[in-house]
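Presented below is the structure to which this report refers.
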Number of protein chains: 2
Amino acid sequence: MTPTIKDVAAHAGFSIATVSRAINAPHTVNPVTLDKVRQSIDALNFRPSPLGRQLRGERTRLIGVILPTLANPVFAECLQGIDELASAQGYRLMLMTTQYDADRERHAIETLREHRVEGLILTVADADTHPLLDELDRAGLLYVLMHNDTVRRPSVSVDNRLAAYDGVRMLIAHGHRRILMLAGTLAASDRARQRHLGYSQAMQQAGLTPAPALEVDFNAEELSPSVLAHLTSGPNRPSALFCSNDLLAMVVMRGLRRARLQIPHDMSILGFDGLAMGELLSPALASICAPNRAIGCAAWQRLLARVTGTYEALSETSLTLTLPHSLRQGATIAAISSRDDATPTRTSMPAERPFA
Amino acid sequence: MTPTIKDVAAHAGFSIATVSRAINAPHTVNPVTLDKVRQSIDALNFRPSPLGRQLRGERTRLIGVILPTLANPVFAECLQGIDELASAQGYRLMLMTTQYDADRERHAIETLREHRVEGLILTVADADTHPLLDELDRAGLLYVLMHNDTVRRPSVSVDNRLAAYDGVRMLIAHGHRRILMLAGTLAASDRARQRHLGYSQAMQQAGLTPAPALEVDFNAEELSPSVLAHLTSGPNRPSALFCSNDLLAMVVMRGLRRARLQIPHDMSILGFDGLAMGELLSPALASICAPNRAIGCAAWQRLLARVTGTYEALSETSLTLTLPHSLRQGATIAAISSRDDATPTRTSMPAERPFA
DNA sequence: GTGAAAGCGCTAACAG
DNA sequence: CTGTTAGCGCTTTCAC
């Protein structure tokens with residue numbers, strides 16, 4: 001069906017070796033021959049199969065990418081970054097998603113190893129304690145983590161602790177004192193922990209008492225009554241929420257709105273991720289931004305450096321690369337009056353805050 | 001480095017043939033031998049390389065996926081659908097994105113063919129006139145299109161014309177008469193054409209005059225002054241916008257808001273795609289929903305049927321599969337008073353419409 | 001029940 | 001400059 005190098009050789013009247021050379025080292029073959037071979041290649045529409053090459057022990061130029069999900073644009077954005085560089089540099093990506101499921105993670109890694117990927121770019125729930133990563137280390141398969149917050153393994157991410165710290169300090173600067181952190185049900189991730197740590201530090205430094213992260217079911221249509229109660233009732237109800245990611249923030253915003261709370265008047269919201277989408281919301285979502293695409297790009301570059309051995313040049317740099325985060329202002333955060341006892345109201349709409 | 005079948009054979013004290021059989025046809029080998037071989041496999045952590053298998057003319061179990069971009073969740077959702085089924089059925093995906101660029105499309109197809117993918121799932125700008133697809137037909141490489149609206153080629157999509165028709169009729173039923181369709185700058189896609197056709201038909205049927213689609217630059221930070229003028233000034237300014245996709249709708253909403261228009265009071269908005277994200281907006285985006293994940297799943301199933309030859313059983317069914325669309329109500333659409341000359345106002349905020 | 005050997009598409013010595 | 005040949009990891013006859 002698909003023509004092989006043999007077909008080309010026959011068609012051109014030369015040996016397969018000459019055809020191979022014509023492809024891989026054109027300067028070593030007689031121009032006339034070269035021309036004939038090329039014509040045959042065109043005529044048959046021949047494309048050398050990477051299989052043969054790979055089998056010869058050549059590099060597969062295949063990189064595996066393992067992501068929790070594509071439903072969260074954070075990962076889609078990373079993937080875009082990777083894909084951009086990879087395809088420009090002649091590598092192919094093999095993609096698998098895991099939904100944070102350990103079995104699927106294992107399966108993905110095995111599958112990709114079978115395919116002899118030269119390296120792996122991945123995001124896992126918890127990098128420090130992940131047994132599969134130890135296995136990779138043992139097996140000598142190169143990998144770079146994205147977003148995982150660990151110093152023990154090669155990774156690219158923002159400083160989650162510091163980023164959360166900065167964000168929560170900003171909330172405090174806006175006069176908020178009762179600030180609660182919300183996390184998804186998969187709160188056990190390394191970055192969620194770091195974010196909570198940053199939150200706690202910012203609170204403590206301001207003389208405030210941090211609370212444990214409140215877990216919220218991401219996928220539920222509505223906020224659960226118990227969560228809603230936490231957020232809306234009692235004298236200690238929070239005036240601001242720090243959500244461990246933007247998708248969560250959006251779900252929470254919807255829930256609060258359905259409960260007739262107004263944002264930011266009744267509740268300020270700060271997200272984490274900096275999804276482009278958030279800017280399109282109304283009010284626009286304030287968020288701690290990670291440069292997702294850049295994280296993908298950087299992960300790619302680091303992996304490639306290691307794969308091609310250029311890594312030595314980098315080897316003095318640390319295992320982990322920390323990219324700068326930024327705070328995105330947004331109308332979901334309001335300054336709070338010093339009079340701290342304001343209760344939820346729905347009598348008047350706040351003026352919509354214009355964009356800076 | 002990675003152990004081969006030879007290593008296993010040596011370790012187990014049998015020939016590679018026996019090892020191969022132990023893996024692929026366990027019942028044909030002596031139980032005792034089988035056991036030894038398996039122990040060696042475990043000991044060496046051997047995984048058969050798909051390369052060897054593929055080279056032997058076996059199926060590669062590799063499917064290529066070509067998508068315009070992952071920045072639009074529509075495609076990420078499709079990909080999720082594909083990935084789900086594919087990985088469950090032991091296939092791998094090789095992903096390439098094109099940004100709708102013809103060169104990149106060509107490159108992607110070539111690359112994937114080189115890798116001997118068994119089939120292709122893809123979305124292109126315009127399927128009817130796409131020369132590369134003709135090439136695929138000639139080459140006998142199986143493929144299924146997603147979202148492309150054509151009867152000439154294997155595809156899975158909604159009925160874009162009918163969907164747009166339904167949506168615009170809904171706007172008309174809400175009392176709108178000056179309805180404009182907005183399209184991205186890549187308006188030349190087959191589905192954009194079908195959507196405009198549906199829009200036109202709905203308009204005409206109601207005795208209204210359809211206008212050409214207004215092109216809007218998706219990526220610009222702000223709506224261009226000329227576009228804004230179209231939307232906001234003059235006695236014939238539209239009261240409702242039908243946006244050819246949700247992302248565009250969101251960008252337009254932001255632009256209108258910055259121009260101090262209130263949605264839906266000053267302008268109703270209807271999107272297309274049914275992005276989950278849209279429901280989290282405020283007001284929630286009304287949209288014509290395509291079952292993106294299901295489209296991905298269906299495309300996978302059709303491709304697999306063709307690849308495995310099961311296709312014959314399906315061959316009586318048509319080339320194209322049309323999945324049902326649905327209308328998602330949302331607060332971005334307001335009923336319009338019969339008094340049709342209302343001008344934009346910013347004196348009072350509309351009461352926020354509660355969720356249904 | 002097991003082994004020897006051929007061959008898949010290709011590259012890389014090594015000859016000529 | 002070109003051809004011959006071996007071998008990459010594996011499956012699959014065909015003998016034994």
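Numbered from 1 within each chain, the chains take letters A, B, ... in sequence-line order. All of these numbers come straight from a predicted model, not from anything done at the bench. Basis for what follows: all heavy atoms, side chains included, without hydrogens, waters or symmetry-related copies.
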- Query: At under 4.0 Å between heavy atoms, what does P48(A) touch on the DNA or RNA strands: base, sugar-phosphate, or nothing?
  - Reply: sugar-phosphate
- Item | Residue mapping more 5' on DNA chain C - nearest nucleotide basis, L34(B) or R116(B) | L34(B)
- By nearest-heavy-atom nucleotide on DNA chain C, the more 5' of S20(A) and P31(B) is P31(B)
- Message: Can a side-chain donor-acceptor contact be found between T150(A) and D190(A) if the only test is distance below 3.5 angstrom?
- Response: no
- Query: Using a distance-only test with no angle check, is there a side-chain donor-acceptor pair under 3.5 angstrom linking N160(A) and H147(A)?
  - Reply: no
Nucleotide of [options] approaching [X] most closely (side-chain heavy atoms):
| X | options | value |
| --- | --- | --- |
| S49(A) | dC10(D), dG9(C), dT2(C) | dG9(C) |
| R53(A) | dT2(C), dT11(C), dT11(D) | dT11(C) |
| I5(A) | dG1(C), dT2(D), dT11(C) | dT11(C) |
| A17(B) | dT4(D), dG3(C), dT11(D) | dG3(C) |
| T4(B) | dG3(C), dT2(D), dG9(D) | dG9(D) |

Could you state the atom-to-atom distance from [atom1] of [X] to [atom2] of [N] in whole Å?
| X | N | atom1 | atom2 | answer |
| --- | --- | --- | --- | --- |
| I16(B) | dG3(C) | CD1 | P | 11 Å |
| I41(A) | dG9(C) | CD1 | C1' | 14 Å |
| N24(A) | dT2(D) | CG | P | 15 Å |
| E114(B) | dC10(C) | CD | C1' | 13 Å |
| K6(A) | dA6(C) | NZ | P | 14 Å |
| R21(A) | dA13(C) | CZ | P | 12 Å |
| R61(A) | dT11(C) | CZ | C1' | 16 Å |
| Q54(B) | dC10(C) | CD | P | 13 Å |

- Query: Is N24(A) reaching over with its side chain to a backbone N or O of S20(A), donor-acceptor style, under 3.5 angstrom?
  - Reply: yes
- Message: Between R153(B) (side chain only) and V151(B) (backbone N and O only), is there a donor and an acceptor less than 3.5 Å apart?
- Response: no
- Query: Would you call R193(B)-D149(B) a salt bridge at under 4.0 Å N-O?
  - Reply: no
- Message: Heavy-atom nearest nucleotide on DNA chain D for L51(B) versus T18(B): which residue maps closer to 5'?
- Response: L51(B)
